[in-house]
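Quick notes on the structure that follows.
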2 protein chains.
Amino acid sequence: MWIRRNFPSATHLMRLKLNPHISVDCVVFGFDRGSLKVLLVERLFSDGHTGEAFSDLKLPGSLVYDNENLDHAACRVLRELTGLDHIYLEQLSVFDSPERTSSATDRNWLQHETGIEIGRIISVAYFALIRFEKMMELLSRMNQKTHWTDARHPGRLPFDHNMIVRKGLEHLQTRMRIEPIAMELLPRKFTLRQLQEVYEVLLGREMDNRNFRKKLHRNGYFVPLNEKEKDVAHKPARLYTFDKTRYERNKKDSVIFSI
Amino acid sequence: MWIRRNFPSATHLMRLKLNPHISVDCVVFGFDRGSLKVLLVERLFSDGHTGEAFSDLKLPGSLVYDNENLDHAACRVLRELTGLDHIYLEQLSVFDSPERTSSATDRNWLQHETGIEIGRIISVAYFALIRFEKMMELLSRMNQKTHWTDARHPGRLPFDHNMIVRKGLEHLQTRMRIEPIAMELLPRKFTLRQLQEVYEVLLGREMDNRNFRKKLHRNGYFVPLNEKEKDVAHKPARLYTFDKTRYERNKKDSVIFSI
DNA sequence: TGACTTAGCGTATTTTTTACGCTAAGTTTG
DNA sequence: CAAACTTAGCGTAAAAAATACGCTAAGTCA
């Protein structure tokens, strides 16, 4: 009845016993052509009567191994899913309503997926940002199982995943005003215009291009490269990188990063 | 061997089954006479051989009931402990290292306290601020079980409670730059000088008194009362309250509350 | 070649931040 | 009771940051 997804090649370092009470779910954001996307994965199952296959979209997530800490579990989920590492990742929030796993469909799917009797599951949500190159890389070797969906209209998701996505969005918006994380959505080398677009889309307001670049130059964390963008239908702009190290050094004073 | 503390009068709304995998711990801050305090509670036990009684300090916390959500559990812990309600409370972070309950002393204490076989326990830390009046109220009917300790030097605490306190401190410092929570540590009616002192102590730097009050007046969330402070050895200052409602209304634009 | 788009630098104005002077209203001390 | 002292509370001037907007250069496209 239920199609069982290949169980992930487990890390050899720990015993394989899953803790049936705790899971992690990842909200992974990406930015493509002016819009914010969230990463969803397919959930496969088939109808009990007809045997017909169905699929669904959900946040990438997993139960946690007994000896595994949560940060590790979140990394693991992303590595197994996307094959990629070294992306911006932080704990978002705990989702713990006792009713979050109460839908019959969800319970059944979980039970068949994990082979474990499911009671209450507390999920720790993780917040991740993925660079444009990696996003594209993922799309190209797309195994039909991952989808980049409009983060603001992800459709109806199972469990409390809609809540988690919404919380992730809010987090992104407040966080990017305080710490320089917006560039984690761009390629490592980006133009100032690209960065401005991210700000405009995520904050939902237009910004003056000339003032925007003035600010960036003043704070001095953006280092100009001797490279220009290519294949654009207009004057190619200079590429920049963000100097994280320099930012961390000067952080003490300001603490709040504003544009 | 182990003194078993009276188990809290449980809420009647839910079955009393404790979930042995998830706990909450609360970092409650208070501000008194120029220094930041954290609330600790006594942990009682006695030596296995001599039967002599010992005590310890730890963060207030509890396992979570099976049908209870975490916010509720955190409120419950504080209500049972302090008898007080309506204090500033928010989720801080999850502490989940598999080794966090590995100390033999801690495991034994837990087992005797709860009567439950203890395995891995994931703890969700909550961050709370308590107003000066309530802090004093608590001190007066102090049942010898609660202590206000210097938040920056709480001594050695069991489990990973030192980590949790440190995280709470960091959270307080970043949070107060972004949202107007510093006044949650003061009486509902406070002088501008008192507020300034909180800022100075928590941020660790002095501020110009004249500029400080200028800012407060400009942002318009501080409403002057027709009352003055009493029993001070100098010119009594006017009392103010913080208008949360007005702040919430105007929040949309600025989002970041700075002094 | 001319129309068009975006990059990229500049200037003037307004707003906010910072530094500091000063008086008034109380308390404490001799 | 007066002089010394402390904090409240208002003000001004200069520096810094934010905002609004003009303009040219460098490229593409038709």
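All chains are named by letter (A, B, ...) in the order of the sequence lines, taking the proteins before the strands, and each is independently numbered beginning at 1.
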Report task. Tell me whether the OP1 or OP2 atom of C/dT17 has a side-chain N or O from B/R218 closer than 4.0 Å. Result ->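 So the side chain of B/R218 is within the cut-off, an N or O lying under 4.0 Å from OP1 or OP2 of C/dT17.
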Query - N/O (side chain, A/R193) to phosphate O (OP1/OP2, C/dT6) under 4.0 Å - result: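 For C/dT6, OP1/OP2 do not have a side-chain N/O of A/R193 under 4.0 Å.
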If I take atom [atom1] in residue [X] and atom [atom2] in nucleotide [N], what distance separates them, rounded to the nearest angstrom?
X      : N      : atom1 : atom2 : result
A/E206 : D/dC21 : CD    : P     : 14 Å
A/N211 : C/dC9  : CG    : P     : 14 Å
B/N209 : C/dT23 : CG    : P     : 17 Å
B/K235 : C/dA25 : NZ    : C1'   : 4 Å
B/E197 : D/dT6  : CD    : C1'   : 15 Å
A/R213 : C/dG10 : CZ    : C1'   : 13 Å
B/R238 : D/dT7  : CZ    : C1'   : 15 Å
B/E229 : C/dG26 : CD    : P     : 12 Å

Compute whether any side-chain donor of one residue and acceptor of the other, for [X] and [Y], lie under 3.5 angstrom apart.
X      : Y      : result
B/D71  : B/Y126 : yes
B/E197 : B/Y199 : no
A/S97  : B/N69  : no

Query raised in the report: Starting at the 5' end of DNA chain C, which residue's closest nucleotide do you reach first, A/K228 or A/A233?
Result: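 Here A/A233 is the residue nearer the 5' end.
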Query raised in the report: Looking at CZ of A/F31 and CG of A/L129, how far apart are the two atoms once the value is rounded to the nearest 0.5 Å?
Result: 12.0 Å
Query - First encountered from the 5' end of DNA chain D, between B/Q194 and A/V232 - result: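 Closer to the 5' end of DNA chain D: B/Q194.
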Query raised in the report: Between the side-chain atoms of A/R210 and the base atoms of C/dG10, is any donor-acceptor pair under 3.5 Å?
Result: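 Checked by distance alone, the answer is no.
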Query raised in the report: If you take atom types as modelled and just measure distance, does the side chain of A/K214 reach the base of C/dT11 with a donor-acceptor pair under 3.5 Å?
Result: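 Such a pair exists between side chain and base.
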Query raised in the report: Closest to the A/H234 side chain: D/dT28, D/dT6, C/dT6?
Result: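 From the listed options, C/dT6 comes nearest.
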Query raised in the report: For the residue pair A/F222 and A/Y240, is the inter-centroid distance of their aromatic rings smaller than 6.0 Å?
Result: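 That pair fails the under 6.0 Å test.
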